[in-house]
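Data block below; observations after.
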Amino acid sequence: MSVSPHLNQTKTLTIAVTGLNANDNPGPGLGVIRALRDGFGENLRIIGLAYETLEPAIYLSDQVDKTYRIPYPTAGVEALKERLQQIQEVEHIDVLIPNFDAELFNFIKLEKELLNMGIRTFLPTHQQLADRDKVNLQAFGNKHGLEVPASETILAVSELDQMADKLGFPLVIKGKFYEATIVQHISEAYKAFYKLQAKWGLPIIVQQFIKGTEINIAGLADGEGNTLSVIPMRKMYITEKGKAWAGITIADDKLINLAKAFAKASQWKGGFELEIMRDEKDRLYIMEVNPRFPAWIYLSAAAGQNQPRMLVDLALGNQVKELTAYTAGKMFVRYAWDNIIDVAEFQKLSAFGEL
C-alpha cells in the first residue's frame, strides 16, 4: 500500500476529532479520544471540532485540549475548508478523524486539500459511502450475496399504505441519516414519517422488521479488501432510541467472516460499524452500515484491538498488521454524570468559536 511519509513518532501528535456529543444518542468522538489517549499516552494533543456549544466532550479538559467550532455540513465544502485552514495555521494538526455520517461527504471532498495543508485522513471514497447508504444497502447486499432486510425508499407519506401491504407490520421507519422507529400500525408509521422528515428531510426508508438478537461489529479496513481489526459486540441494554447502553464482546467466527466479506466486497477504507440482527434461524442480516467508528469504539481498545490508534497509524503511513486475537466477555456500561463548568467557558466558545 502506498503511504505518506512517516511522521517522527517521538513528537507530540496533534489529532482533530469531531463527534463530541455525549448525550442519549452519543457520537463516537469521546470514545475515539479515549482510545487514542490509551494508544499514544502523553505524546498526544487532541483538538475537538464541534458544531454546537453544548457538545459535552468540549468541556472535558482532561480529554480535549482545545476546541474549535466548525460550520455545519450544510454550509458546504468551501466554508469547512476555510475554517480548517484557520485552525491549521495555529494547531498544525497531523491527523483528522471525522465521526458523523452527515459530515463525511465534505471531508472526503477535501481529502487532497487537507493533505496539502499537512492534515492526514483515512476515509472511504464517495462511491463506498454511497454504496452502503440506507437507500442503496439492499442493492449492495443483493449484488454481493449479503443478507439485508427488504426495504423501500419513499418520498411521500401517501406511499406508506402500499409499503405496509408489501412488507407487513411491524415496520422500521428510518431517517436518511440517523434514527429509526419500529411501528406496529399505519398511524404510528405516519407519525414516524413526519417526525423523521422534519428532522432529517427526505427520503424516508421503510424496512422489513427482523426479530432477533442485536449485534454490532466495529471494524477497520485498509481500502484494499482487507480487514485489520474486527470486534463483535452483543447489545445488553438498549435505549428507546435503539442505542447500546451496555454491551459485551463475543467470540463468533461467523460474525468476523461477515465483516471481512463486507470489507472485501466494498473495498472499504477506514473504520466502519455493521448493525446486525441474528434471527432465530441464525441468519445474519445487515441492518445498517455506519461509515465510521461507533460510539462504543473504546471497547475495541479494552478488548485488545485499539482501532482508533490503528487508523491513525494508517493515516500516517505506518505499517499496520491485522489483529485477530481479542478478549471476549469484555463489557461496557455507559453512564451519565454532571460535569460542572464555569459559564465563562461556554460564553467564550459561543462568542469566539474556540475554547
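This is a predicted model, so every value here is computed, not measured.
- Remark: L96 CG to T14 OG1 distance equals 12.0 Å, nearest 0.5 Å.
- A donor-acceptor contact shorter than 3.5 Å links the side chain of N21 to the backbone of G27.
- The existence of a salt bridge linking D252 and R234 is excluded, since no basic side-chain nitrogen approaches an acidic carboxylate oxygen closer than 4.0 Å.
- Side-chain heavy atoms closer than 4.5 Å link hydrophobic residues (I, L, V, M, F, W, Y) into clusters, and following such links, possibly through other members, connects Y326 to M236.
- Annotation: side chain of E275 is in contact with side chain of N290 (closest heavy-atom distance under 4.5 Å).
- By the 4.5 Å heavy-atom criterion applied to side chains, V64 and I58 are not counted as neighbours.
- F140 and H144 have tilted rings, their planes meeting at an angle from 30° to 60° on a 0 to 90° scale.
- Q305 places no side-chain N or O within 3.5 Å of a backbone atom of I231 that could act as its donor or acceptor partner.
- Judged by distance alone, the side chain of Q128 and the main-chain N or O of S266 form a donor-acceptor pair under 3.5 Å.
- Under the 4.5 Å side-chain heavy-atom criterion for ILVMFWY residues, a single connected hydrophobic cluster contains both F40 and I97.
- Of the residues E89, R83, Q88, the one that meets the side-chain contact (heavy atoms from CB on, under 4.5 Å) test with Q86 is R83.
- Of the inter-residue distances, the one linking W268 atom CH2 with R132 atom CZ reads 6.0 Å to the nearest 0.5 angstrom.
- We find the CD1-CD distance between I15 and E91 to be 13.0 Å, quoted to the nearest 0.5 Å.
- D62 CG: more than 12 foreign heavy atoms inside a 6.0 Å radius.
- The minimum heavy-atom distance between Q307 and S229, with the atom names listed, is NE2-OG, 2.9 Å.
- A side-chain contact (heavy atoms from CB on, under 4.5 Å) with L123 is found for exactly one of L129, L311, L104, namely L104.
- For D38 and R34, the salt-bridge test fails: no basic side-chain N is under 4.0 Å from an acidic carboxylate O.
- Of the charged side-chain nitrogens involved, at least one lies within less than 4.0 Å of a carboxylate oxygen, so that D94 and K11 count as a salt-bridged pair.
- Remark: side-chain polar atoms of K254 are paired, donor with acceptor, to backbone N or O of D282 under 3.5 angstrom.
- F122 and V320 fall within the same hydrophobic cluster, where Ile, Leu, Val, Met, Phe, Trp and Tyr residues are linked whenever their side-chain heavy atoms come under 4.5 Å apart, directly or through other members.
- In this structure a side-chain-to-backbone donor-acceptor pair under 3.5 Å is present from E159 to A156.
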Could you give the side-chain donor-acceptor pairs of residues 348-355 under 3.5 Å, partners two or more places apart or in another chain?
from : atom 1 : to   : atom 2 : distance (Å)
S350 : OG     : F346 : O      : 2.9
E354 : OE2    : K66  : NZ     : 3.0

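- Using a distance-only test at 3.5 Å, with no hydrogens or angles considered, a donor-acceptor pair links the side chain of W245 to the main chain of R334.
- Closest non-hydrogen pair, A192 versus V183, comes out as CB-CG1, 4.1 Å.
- Taking CE of M233 as the reference point, atom NZ of K235 lies at 6.5 Å (rounded to 0.5 Å).
- Looking at heavy atoms from C-beta onward, M277 lies out of side-chain contact with F209 at the 4.5 angstrom threshold.
- Residues T121 and F107 fail the side-chain proximity criterion, which asks for heavy atoms closer than 4.5 Å.
- Atom-to-atom distance recorded for I108:CD1 and K269:NZ is 9.5 Å, nearest 0.5 angstrom.
- Residues T249 and A303 come closest through the heavy atom pair CG2-CB, 4.0 Å.
- The environment of CD in E82 is sparse: at most 12 heavy-atom neighbours from other residues, nucleotides or ligands sit within 6.0 Å.
- A donor-acceptor distance shorter than 3.5 angstrom exists from the side chain of R69 to the backbone of Y51, with no hydrogens or angles considered.
- Remark: E103 does not engage R292 in a salt bridge, criterion side-chain N to carboxylate O under 4.0 Å.
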List the atom pairs, donor and acceptor, that lie under 3.5 Å between side-chain atoms in residues 168-178 and the rest of the protein, sequence neighbours left out.
from : atom 1 : to   : atom 2 : distance (Å)
K174 : NZ     : Q207 : OE1    : 3.0
K174 : NZ     : M287 : O      : 3.1
K174 : NZ     : E288 : OE2    : 3.1
K176 : NZ     : L202 : O      : 3.2
Y178 : OH     : D101 : N      : 2.9

W296/K243 under side chain to side chain contact (heavy atoms under 4.5 Å, CB included): CA gap, chis, key distance, verdict: CA-CA 10 Å; W296 56 273; K243 301 303 174 182; over 6 Å; no
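- One N or O on the side chain of N106 and one on the backbone of P73 form a donor-acceptor pair closer than 3.5 Å.
- Residues E152 and Q138 are not in side-chain contact: their nearest non-hydrogen atoms beyond the backbone lie 4.5 Å or more apart.
- Scanning both residues, A22 and P56, for their nearest heavy atoms gives N-CD, 3.4 Å.
- Two residues are said to be in side-chain contact when any heavy atoms from C-beta on lie closer than 4.5 Å; P308 and I297 meet this criterion.
- Residues V148 and N142 fail the side-chain proximity criterion, which asks for heavy atoms closer than 4.5 Å.
- Proximity of a side-chain donor or acceptor of D279 to a complementary backbone N or O of G212 within less than 3.5 Å is not detected.
- Both V230 and I286 belong to a common hydrophobic cluster when Ile, Leu, Val, Met, Phe, Trp and Tyr are linked at side-chain heavy-atom distances under 4.5 angstrom.
- Considering every non-hydrogen atom in both P28 and F293, the closest pair reads CG-O, 3.1 Å.
- In the model, Y59 has no side-chain atom that pairs as donor or acceptor with a side-chain atom of D342 under 3.5 Å.
- In the hydrophobic cluster analysis, where Ile, Leu, Val, Met, Phe, Trp and Tyr join through side-chain heavy atoms closer than 4.5 angstrom, L80 is grouped apart from L115.
- For the atom pair CZ of R120 and CG of L314, the computed distance is 13.0 Å after rounding to the nearest 0.5 Å.
- Here the side chains of N43 and L13 are not in contact, with every heavy-atom distance at 4.5 Å or above.
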Step-by-step side chain to side chain contact (heavy atoms under 4.5 Å, CB included) determination, V157 to I204: CA-CA 9 Å; V157 72; I204 298 295; over 6 Å; no
Verdict with reasoning, L49 to I87, per side chain to side chain contact (heavy atoms under 4.5 Å, CB included): CA-CA 10 Å; L49 302 177; I87 297 168; 3.9 Å; yes
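- In terms of modelled atom types and a separation under 3.5 Å, the side chain of N136 and the main chain of A130 share a donor-acceptor contact.
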Audit row: I46, R37, side chain to side chain contact (heavy atoms under 4.5 Å, CB included) steps and yes/no: CA-CA 9 Å; I46 294 292; R37 291 205 174 277; 3.6 Å; yes
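- Minimum interatomic distance between I205 and S151 (heavy atoms only, all atoms of both residues): CG2-CB, 4.1 Å.
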